Amino acid sequence: MSVRCNTCGNFMYKGTKFNTRMEDVAGETYLGLKIFRFYYRCPNCAAEFCMKTDPQSTDYVLEGGATRNYEPWRDKEVEKKEAAQEREEEEMGNAMKVRRAGTRGRKGAECRGRAQRGERGRSSAEQEREEEEMGNAMKVQRAGTRGRRGAEECGAGA
C-alpha cells in the first residue's frame, strides 16, 4: 500500500521500510482474530501516522496522519466480486437459469453441428417425446438391475 504524508506531502511506497510501534486494539476482533494498530513516522518530516489491520478485507485502514493513494486494481477486484455476487444471487432465485447456464454451450454446439450437416432441428414435441422415452428406458433398466441384484444376493441367481 502506498501512502502520502499529510504534513509534508512525501510519498511512501509499498517497499519502504519503517520502524513501527505496534499495539493491540482493545475490544476489537474479527472472527476471533486480534486487530492491531501500527504507528509509523514519515521518513521526511517525522510526522506520525497510524494504520489498523482489517482482517475482513485482508488489508489495512489508515486512521490518521496520511492518506492512501489511488490503486486502480482495487476497483477491478471490487467490480469482479460484485458481478460474481450478483450472478450468484440471481441464480439462487432461479433454478432454471442455473440449469440453462450449464447446458447452453453444449446445445449451441449441437445446433451448429446439425446446421453444418444440413439436418433440420427437431420440434419441441419431438424433443419431449425423445426425453420421455429415454427416461422410461432408464427406469426399466434400473428396475431390471435391481431385480438381478436382489436375486444374486439371495442365492437364487445362476
Side-chain angles (χ1 to χ4, degrees), residues 1-135 137-139 141-142:
M1 157 169 47
S2 65
V3 296
R4 183 175 184 197
C5 177
N6 289 343
T7 307
C8 67
N10 185 36
F11 286 94
M12 293 158 275
Y13 299 100
K14 190 174 185 175
T16 308
K17 294 194 176 193
F18 294 99
N19 290 326
T20 65
R21 190 173 79 240
M22 182 182 86
E23 68 178 27
D24 293 341
V25 178
E28 284 190 48
T29 60
Y30 174 74
L31 299 176
L33 298 172
K34 289 182 181 178
I35 295 179
F36 297 100
R37 183 174 285 128
F38 299 95
Y39 295 95
Y40 299 85
R41 289 205 173 266
C42 174
N44 193 30
C45 68
E48 189 174 71
F49 64 97
C50 180
M51 274 189 229
K52 189 166 69 168
T53 58
D54 182 13
Q56 184 175 11
S57 62
T58 61
D59 202 9
Y60 296 93
V61 177
L62 274 167
E63 292 187 316
T67 55
R68 188 176 198 148
N69 294 334
Y70 176 70
E71 297 166 336
W73 61 87
R74 288 191 183 279
D75 291 342
K76 290 178 184 175
E77 291 173 359
V78 169
E79 287 175 11
K80 284 180 185 177
K81 286 180 184 177
E82 288 175 355
Q85 189 175 17
E86 285 177 14
R87 192 175 334 105
E88 285 177 12
E89 288 174 2
E90 189 175 307
E91 289 176 354
M92 291 294 283
N94 191 348
M96 283 304 291
K97 216 172 214 181
V98 174
R99 189 168 180 200
R100 279 190 215 127
T103 60
R104 188 170 287 147
R106 291 189 305 233
K107 286 186 178 180
E110 289 173 12
C111 291
R112 283 190 297 275
R114 273 194 233 115
Q116 288 173 352
R117 291 189 302 266
E119 298 175 8
R120 75 171 187 71
R122 296 176 294 176
S123 68
S124 60
E126 289 174 339
Q127 287 177 352
E128 287 177 15
R129 193 174 327 109
E130 186 177 307
E131 287 174 3
E132 189 175 318
E133 288 172 5
M134 287 175 63
M138 289 174 66
K139 287 178 186 175
Q141 185 180 8
R142 284 185 190 150

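No experiment lies behind these values; they were computed from the predicted model shown.
- Residue V3 comes nearest to R68 through the heavy atom pair CG1-CA, 4.3 Å, listed as atom of the first residue, atom of the second, then distance.
- Heavy-atom neighbours of Y39 OH from other residues, nucleotides or ligands within 6.0 Å: above the threshold of 12.
- Side chain of R4 to backbone of G9: a donor-acceptor contact under 3.5 angstrom is found.
- Across all their heavy atoms, K52 and I35 have their closest contact at CG-CG2, 3.5 Å.
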task: Apply the test side-chain contact (heavy atoms from CB on, under 4.5 Å) to residues F18 and M12: give CA-CA distance (whole Å), side-chain angles for both, the deciding distance (0.1 Å), then the verdict.
output: CA-CA 10 Å; F18 294 99; M12 293 158 275; 3.6 Å; yes
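- With R37 as reference, V25 is the one residue of T53, V25, D24 to meet the side-chain contact (heavy atoms from CB on, under 4.5 Å) rule.
- We find the CD-OG1 distance between E48 and T20 to be 10.5 Å, quoted to the nearest 0.5 Å.
- Taking every heavy atom of both residues into account, R41 and F49 meet most closely at C-CE2, 4.2 Å.
- Closest approach of N6 and A66 over heavy atoms only: ND2-N, 3.4 Å.
- For the pair N10/P43, a side-chain contact is recorded, criterion being any heavy-atom separation below 4.5 Å from C-beta on.
- Between F38 and F36, the ring planes are tilted. Angles from 30° to 60° get that label.
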